[in-house]
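Data block below; observations after.
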Amino acid sequence: MAGPRVRFAPSPTGFLHVGSARTFIFNWLYARHNHGTMILRLDDTDVERNTQQSVDSIFEGLKWLGLNWDEEYKQSDRLDLHRKTAWAIFEKGLAYRDFTPAHAGDAEKSGAQGAWLFNPGARELSRAESDRRAASGEPFALRFRVPRHGEGYARTAWGQPPSAVRFAEGKLCVHFNDAVYGDQMKAADDIEDFALLRSDGMPTYHLASCADDVDLRISHVIRGQDHLTNTFKHVLIFEAAGAVSPQFAHLPLLIAPDGTKLSKRRHGPVVSVTTYRDAGFLPEAFINFLCLLGWSPKNDRENMSLQELQDAFSLEGINRSNAVVNFKESATSEPAAPPSGDVIPTAREASGRHLLFPSPLFASEETFDPKALWLNAEHIRALPVESLSERLLPIVRGEGWDVSPEKMLRITQLIRERIKLLRDVLTTADFFFVKQLPPYDAAELIPQKGDSAMALKVLTRAREVLANVEFRHDPLDHTLRAAAQELGLKAGQMFQPIRVAVCGRKNAPPLFETLEVLGKETTLERVASAIAKLQQGVN
RNA sequence: GGCGCUAUCGUCUAGGGGUUAGGACGGAAGAUUCUCAAUCUUCAAACCCGGGUUCGAUUCCCGGUAGCGCUACCA
């Protein structure tokens, strides 16, 4: 295959978060748009922090997105390649052993003066001396010998015309071109002698990443902008390894409304992909949303299918400034006690389950970026009813409610314009599923410009009339309107008490369709108990 | 501290030397309707600051400021 080869290379140190998901999606889109190859590579060289649990949750997130990849690798399987690459660089004289002990994580920031470049003495160590100390078992890190001004770099591998290393403005500079950020140049004297191999022999991220990119023939590296300045090091490694650098494209970062980077610690579950899945986002809507952060098709299109995204995607559409994922932070801060009942979906109350713990995972709708919700609603409406219904069914059943697929389909038609998240089915259509309506205030039964006597009159009449009508839309319509006229009421005044009696609330799908699905028996039962409720209130 | 990147409505963005600075979400108002939703109409809402270049800068250049990133034997 002649197309580009791109990779998504997460390090398994946590769940899949939205920023990583977007990086994955952009890589995928680029690969598919250009008939290339999508590679998944687990960058797991940090044995301390990697966990299997994290690997699992990353796969879980990717599986939900539903975007496939063509090849899969794990860096920990390829350590030999990394080491071989490192030592080849060493043999060229472009890396050296540093016997200086690693500083134990302290912040010796070298304060006022410039950045740290290398440890004194390590660079100049003769090869013989270096070999001797290594042979004696003394631990060392292998460091890259970043070309320095006045060190005769021309004698090394550097300096040939296509080199990334060149003189500019009297300084030795490293250069590369980024598809998003354009030409990038940095003085070599601002790049420290970074490590290739740790003293335990494990490759560092920089080395492993580049060695694998070479070996896997990666043509385009599309990743977060947090790697932009690392790229100077990478370009150096590629060249030292005798390889041509891939084309780089760095993505603007996704940040939280408070301007800081997204972190689970600070911002809670809204940064995890599975939260969106569990809240009832459609993967295609979530993908659509993420694509609009930091990329634009430049034609005002927003609501797009996967295929449309794939057709429209290009690196030129990526912009350079960070984008805010506009979720509500207050709703997600985890220790904040569940304040009042309104956080708890009524469906849960009704079913009497999970009552005590409104999991932050299912934080209210207001938690999510409004645009994400809007897009999700758009995608929900764009779905064929049958397929929407199929997705809703397991959610309803998961709540312990039994519905037949046939009934679910009819309900779906009534709610599809009324839900933003799949899970909203539980709060929007609950009255279709429960046998017993959750308690509601009898005052709700009272129509506009009416009193409880009017409500009683309406419901009493409705009970008589409904007992003798066929439960289909038109007969219901005619009968109830006629009843209203007969009672000298406006249609709305007639319908509202019935709606509340039957749904337990004022806001619900259209009345006749609702009654049709509910059926005569349930309807009459609920009207009867509403009448009882009213009579109770009167006494 | 050093180095780098960025800066258009609240948010996501389009645009570009001369525009009524466009779209979307969200907000407000109205229409429609048996409520809600959907739909439609309308409204409010932005070029970070200061210098240059220019007949003219929001756009180009420089400086400032702010935000973010990197500055690890993390990735």
*asked:* Angle between ring planes, Phe232(A) versus Phe176(A), binned at 30° and 60°: parallel, tilted or perpendicular?
replied: perpendicular
_Atom C1', compared across rC68(B) and rU41(B): separation rounded to whole Å_ = 41 Å
*Mind calculating the distance between CG (Asn230(A)) and C1' (rA72(B)) to the nearest angstrom?*
11 Å
*Considering only the C1' atoms, how many Å lie between rG18(B) and rA75(B), rounded to the nearest integer?*
49 Å
*asked:* From C-beta outward on Pro370(A), which listed nucleotide comes closest to its side chain: rA14(B), rC74(B), rG26(B)?
replied: rG26(B)
_Side chain of Glu302(A) only, heavy atoms from C-beta on: which candidate in rA75(B), rC12(B), rC5(B) is closest?_
rC12(B)
*Quick one: Glu513(A) CD to rU35(B) P, roughly how many Å, whole number?*
13 Å
*asked:* So Thr45(A), base contact, sugar-phosphate only, or nothing? Heavy-atom distance under 4.0 Å.
replied: sugar-phosphate
_Applying the Watson-Crick and G-U wobble criteria at under 3.5 Å, what pairs with rU41(B)? Answer none if nothing qualifies._
rA29(B)
*Residue whose nearest RNA chain B nucleotide is more 5′ - Arg499(A) or Asn299(A)*: Asn299(A)
*Atom NZ of Lys261(A) and atom P of rG69(B): how far apart are they, to the nearest Å?*
6 Å
_Looking at the base of rA14(B), is there any donor atom on it, or on the side chain of Lys298(A), that sits under 3.5 Å from an acceptor on the other one?_
no
*With no angle test and no hydrogens, is the base of rG22(B) tied to the side chain of Asp300(A) by a donor-acceptor pair under 3.5 Å?*
yes
_Nearest-Å distance once atom P is located in both rA44(B) and rG23(B)_ = 12 Å
_Distance-minimising heavy-atom pair for Val324(A) and Pro257(A)_ = CG1-CA, 3.6 Å
_Whole-angstrom distance between rC9(B) and rA24(B), as gauged at atom C1'_ = 12 Å
*Among rC3(B), rG4(B), rA24(B), which nucleotide sits nearest the side chain of Leu228(A)?*
rG4(B)
_Closest listed nucleotide, where the reference is the side chain of Asn507(A) and the choices are rC36(B), rA24(B), rA75(B)_ = rC36(B)
*For Gly294(A), report the nucleic acid contact type (base, sugar-phosphate, nothing); a contact means any heavy atom under 4.0 Å.*
sugar-phosphate
*In whole Å, what is the span from the OH atom of Tyr181(A) to the P atom of rU6(B)?*
7 Å
*In the structure shown, which nucleotide is the Watson-Crick or G-U wobble counterpart of rC47(B), with both distances under 3.5 Å?*
none
_Who pairs with rG67(B) - Watson-Crick or G-U, where each distance is under 3.5 Å_ = rC5(B)
_Without decimals, in angstroms, what is the distance between Asp369(A) CG and rA24(B) P?_
17 Å
*For the pair made of CG in Asp189(A) and P in rG2(B), what is the distance, rounded to whole Å?*
16 Å
*Which class fits the ring pair Trp295(A) and Phe26(A): parallel under 30°, tilted 30 to 60°, perpendicular over 60°?*
perpendicular
_Quiz item: Ser199(A) side-chain donor-acceptor pair to rC73(B) base, under 3.5 Å_ = yes
_Taking rC49(B) as the reference, what is the distance to rU54(B) when you measure between their P atoms (whole Å, please)?_
23 Å
*asked:* Is the distance between the ring centroids of Phe248(A) and Tyr181(A) under 6.0 Å?
replied: no
*Who does rU59(B) pair with, Watson-Crick or G-U, both distances under 3.5 Å?*
none
_Can you see whether His379(A) engages Asn376(A) through a side-chain donor-acceptor pair at a distance of less than 3.5 angstrom?_
no
*Partner nucleotide of rC73(B) by Watson-Crick or wobble geometry (both distances under 3.5 Å)*: none
*Expressed in whole Å, how much space separates the P atoms belonging to rA7(B) and rC62(B)?*
14 Å
*Counting heavy atoms from C-beta on, name the nucleotide in rC73(B), rU35(B), rA14(B) closest to the side chain of Arg143(A).*
rC73(B)
_Do Asp212(A) and Gln75(A) pair up side chain to side chain, a donor and an acceptor below 3.5 Å, judged on atom types alone?_
yes
*Pick base, sugar-phosphate or nothing for Pro101(A), based on heavy-atom distances below 4.0 Å to the nucleic acid.*
base
*Touch check for Glu444(A), heavy atoms < 4.0 angstrom, all strands: base, sugar-phosphate only, or nothing?*
nothing
*Interatomic distance, Ile191(A) CD1 vs rG69(B) P [rounded to whole Å]*: 20 Å
*Nucleotide of rC70(B), rC34(B), rC25(B) approaching Phe495(A) most closely (side-chain heavy atoms)*: rC34(B)
*Looking at rC5(B), does its base get a donor-acceptor pair with the side chain of Arg320(A) below 3.5 Å?*
no
*Should rU20(B) form a Watson-Crick or G-U wobble pair with both distances under 3.5 Å, which nucleotide is its partner?*
none
*Pairwise P distance for rA57(B) and rG52(B), with rounding to whole Å*: 10 Å
_Ring of Tyr73(A), cation from Arg78(A) - is the NZ or CZ under 6.0 Å from the centre and inside 45° of the axis?_
yes
_Selection from rU6(B), rC74(B), rC12(B) that lies nearest to any side-chain heavy atom of Arg49(A)_ = rC74(B)
*Given Phe368(A), which of Phe286(A), Tyr276(A), Trp374(A), Phe289(A) fulfils the ring-ring contact (aromatic ring centres under 6.0 Å, His included) condition?*
Tyr276(A)
_Could you tell me how far apart Glu192(A) (CD) and rC70(B) (P) are, to the nearest whole angstrom?_
13 Å
*His227(A) and His250(A): aromatic ring centres closer than 6.0 Å?*
no
*Side-chain donor or acceptor of Asp226(A) under 3.5 Å from a matching atom on the base of rA75(B)?*
no
*asked:* Base, sugar-phosphate or nothing for Arg381(A)? Non-hydrogen atoms, less than 4.0 Å.
replied: sugar-phosphate
_Watson-Crick/G-U partner (both atom distances under 3.5 Å) of rU54(B)_ = none
*asked:* Tell me if the side-chain of Gln184(A) makes a donor-acceptor pair with the base of rG4(B), cut-off 3.5 Å, by modelled atom types.
replied: no
*With respect to the side chain of Leu511(A), which nucleotide from rC73(B), rA24(B), rC34(B) is positioned closest?*
rC34(B)
*Which part of the nucleic acid, if any, lies within reach of Ala508(A) when heavy atoms closer than 4.0 Å are counted: base, sugar-phosphate only, or nothing?*
base
*asked:* Measuring from the side chain of Gln225(A) (C-beta onward, heavy atoms only), which nucleotide among rC5(B), rC34(B), rA75(B) has the closest atom?
replied: rC5(B)
*asked:* Please give the distance between the C1' atoms of rA46(B) and rC12(B) as a whole number of Å.
replied: 13 Å
*Given rC5(B), rA7(B), rA75(B), which nucleotide is nearest the side-chain atoms of Arg198(A)?*
rA75(B)
*Find which nucleotide of RNA chain B each of Arg481(A) and Pro252(A) is nearest to by heavy atoms, and output the residue with the more 5' nucleotide.*
Pro252(A)
_Under 3.5 Å for both donor-acceptor distances, Watson-Crick or wobble: does rC34(B) have a partner, and if so which one?_
none
_Arg123(A) to Phe118(A), cation-pi by 6.0 Å centre distance and 45° axis angle_ = yes
